[in-house]
Amino acid sequence: MNNAREFLKDLRVTAWRTAGARFNAARRLKRRDWVATFSIAMFSAISVALAVIQRVYSFEVGTAADNYVTTLAVCIGLFVVVISLIEWGSANAVKADILYRNAETLNEFQRKLEQMLAVAADDSALEANDITALREEYERIKRQCPYNHEPVDDNLFRACHRLSPEFGDSTGKPKITRIHAGWVMFQSVIAAIWHFSFFWFVILALLWATPW
C-alpha cells in the first residue's frame with residue numbers, strides 16, 4: 001500500500017511539474033510573439049522614416065549619406081522580411097495556446113491525484129488497475145500535445161517552487177539557491193528575446209553611425 005501511495009505521489013509531482021513547465025513555455029512563446037510583432041512594426045516604421053527623411057532633406061544623390069541611408073533602409077526591410085518569415089513558420093502563438101490548454105488538463109489531472117491520495121490516507125484501498133489507469137491517463141494527456149516545453153521552462157518552474165518540499169534535498173533544504181533561481185529567471189526572459197535584441201542592437205548601432 002505504501003509503495004502504491006508513493007508512486008501516486010511521484011506521479012502527481014511529475015504531472016504538476018510538467019503542467020508548470022508547459023505554462024511557462026506558453027508564456028515564453030507569447031512573449032516572443034509579442035516582441036516579434038513589436039519589432040516588425042518598429043523596424044517597418046524606421047524603414048519608412050528613413051525614406052521620408054531622405055526625401056524631405058533632399059540628400060544629394062551619390063553622397064555618402066545618401067548611399068548609407070538607402071542601404072540602411074533596404075537592410076532594415078530585409079530584417080523585417082526575414083523576421084516575419086521565421087515567426088510565421090514558427091507559429092508561436094498557436095503553440096502557446098496548445099501548450100496552455102494541455103497544461104490546464106495536466107493540472108486537472110494532478111488535482112485528481114491529490115484527491116485520490118487524500119482518500120487513500122483514510123485507509124481506502126488503492127487498486128493496481130486504478131493506478132495503471134492513472135499512469136496511462138497521464139501519458140495520454142501528454143501525447144495530446146504535439147509540442148513539448150524546453151529545459152529552460154522546467155528550470156524556471158523548479159526555481160519558482162524551490163522552497164517546496166518536493167524540490168528539496170534529504171534535509172529539507174532547497175536544492176536551488178536564491179542566486180541560482182534569479183539566474184534561471186533571467187535566462188527564461190532572455191531565451192525568448194535574445195535574437196530580437198541582437199537585431200535591435202545592430203539597427204540602433206547603424207542608425208547611430210549614419211553620416212548625417
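Side-chain atoms are counted along with the backbone in the values below, which use heavy atoms only and exclude waters and symmetry mates. The residues of the chain are indexed from 1 along the displayed sequence.
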For [X] and [Y], indicate whether the former's side chain and the latter's backbone hold a donor-acceptor pair under 3.5 Å.
X      : Y      : answer
Tyr68  : Leu206 : yes
Asn155 : Pro151 : yes
Arg162 : Ile176 : yes
Asn102 : Ile141 : yes

If hydrophobic clusters are built from ILVMFWY residues whose side chains come within less than 4.5 Å, do [X] and [Y] share one?
X      : Y      : result
Leu50  : Ile40  : yes
Leu29  : Trp34  : no
Phe23  : Ile98  : no
Phe186 : Phe198 : no
Ile193 : Leu156 : no

Distance from [X] atom [atom1] to [Y] atom [atom2], nearest 0.5 Å?
X      : Y      : atom1 : atom2 : value
Arg135 : Leu11  : CZ    : CG    : 9.0 Å
Arg158 : Lys175 : CZ    : NZ    : 8.5 Å
Asn129 : Leu134 : CG    : CG    : 11.0 Å
Thr37  : Met42  : OG1   : CE    : 13.5 Å
Leu106 : Glu104 : CG    : CD    : 10.5 Å
Arg101 : Gln144 : CZ    : CD    : 10.0 Å

Legend entry - Close side-chain approach of Gln110 to Thr14, heavy-atom, < 4.5 Å: no
Legend entry - Side chains of Tyr100 and Arg27 in contact at under 4.5 Å (non-hydrogen atoms): no
Legend entry - Glu136 CD: over 12 foreign heavy atoms closer than 6.0 Å: yes
Legend entry - Heavy atoms from other residues, nucleotides or ligands near CD of Glu108 exceed 12 (cutoff 6.0 Å): no
Side-chain donor-acceptor pairs under 3.5 Å in residues 71-96, sequence neighbours left out?
unit_1 : atom_1 : unit_2 : atom_2 : d
Thr71  : OG1    : Asn67  : O      : 2.8
Ser84  : OG     : Val80  : O      : 2.6
Glu87  : OE1    : Arg32  : NE     : 3.4
Glu87  : OE1    : Asn92  : ND2    : 2.9
Glu87  : OE2    : Arg32  : NE     : 3.2
Glu87  : OE2    : Arg32  : NH2    : 2.9
Ser90  : OG     : Ile86  : O      : 2.9
Lys95  : NZ     : Ser90  : O      : 3.3

Closest non-hydrogen atom pair, [X] against [Y]:
X      : Y      : result
Asp153 : Ala21  : CB-O, 3.3 Å
Leu99  : Ala25  : CD1-CB, 3.8 Å
Arg31  : Val189 : NH1-CA, 3.9 Å
Ser188 : Val152 : CA-CG2, 3.8 Å

Inset, instruction - Any chance you could lay out the side chain to side chain contact (heavy atoms under 4.5 Å, CB included) test for Tyr138 and Leu113, step after step, and finish with the verdict? - result: CA-CA 10 Å; Tyr138 169 70; Leu113 289 178; over 6 Å; no
Inset, instruction - Starting from the C-alpha separation in whole Å, work towards a yes-or-no answer on side chain to side chain contact (heavy atoms under 4.5 Å, CB included) for Asn24 and Glu150. - result: CA-CA 9 Å; Asn24 290 334; Glu150 298 291 336; over 6 Å; no
Inset, instruction - Inspect the contact between Lys112 and Glu137 and indicate whether a charged nitrogen and a carboxylate oxygen are less than 4.0 angstrom apart. - result: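 Salt bridge flag = yes for Lys112 with Glu137.
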Inset, instruction - In plain terms, say whether Arg111 and Glu114 are close enough for a salt bridge, that is, a side-chain N and a carboxylate O under 4.0 Å apart. - result: no
Step through it carefully: locate the ring centre of [X], locate the ring centre of [Y], and say whether they are under 6.0 Å apart.
X      : Y      : answer
Trp200 : Phe196 : no
Phe157 : His161 : yes
Trp16  : Phe167 : yes

Inset, instruction - Using the side chain to side chain donor-acceptor pair (under 3.5 Å) rule, pick out the option among Lys9, Arg17, Arg12 that qualifies with Glu166. - result: Arg12
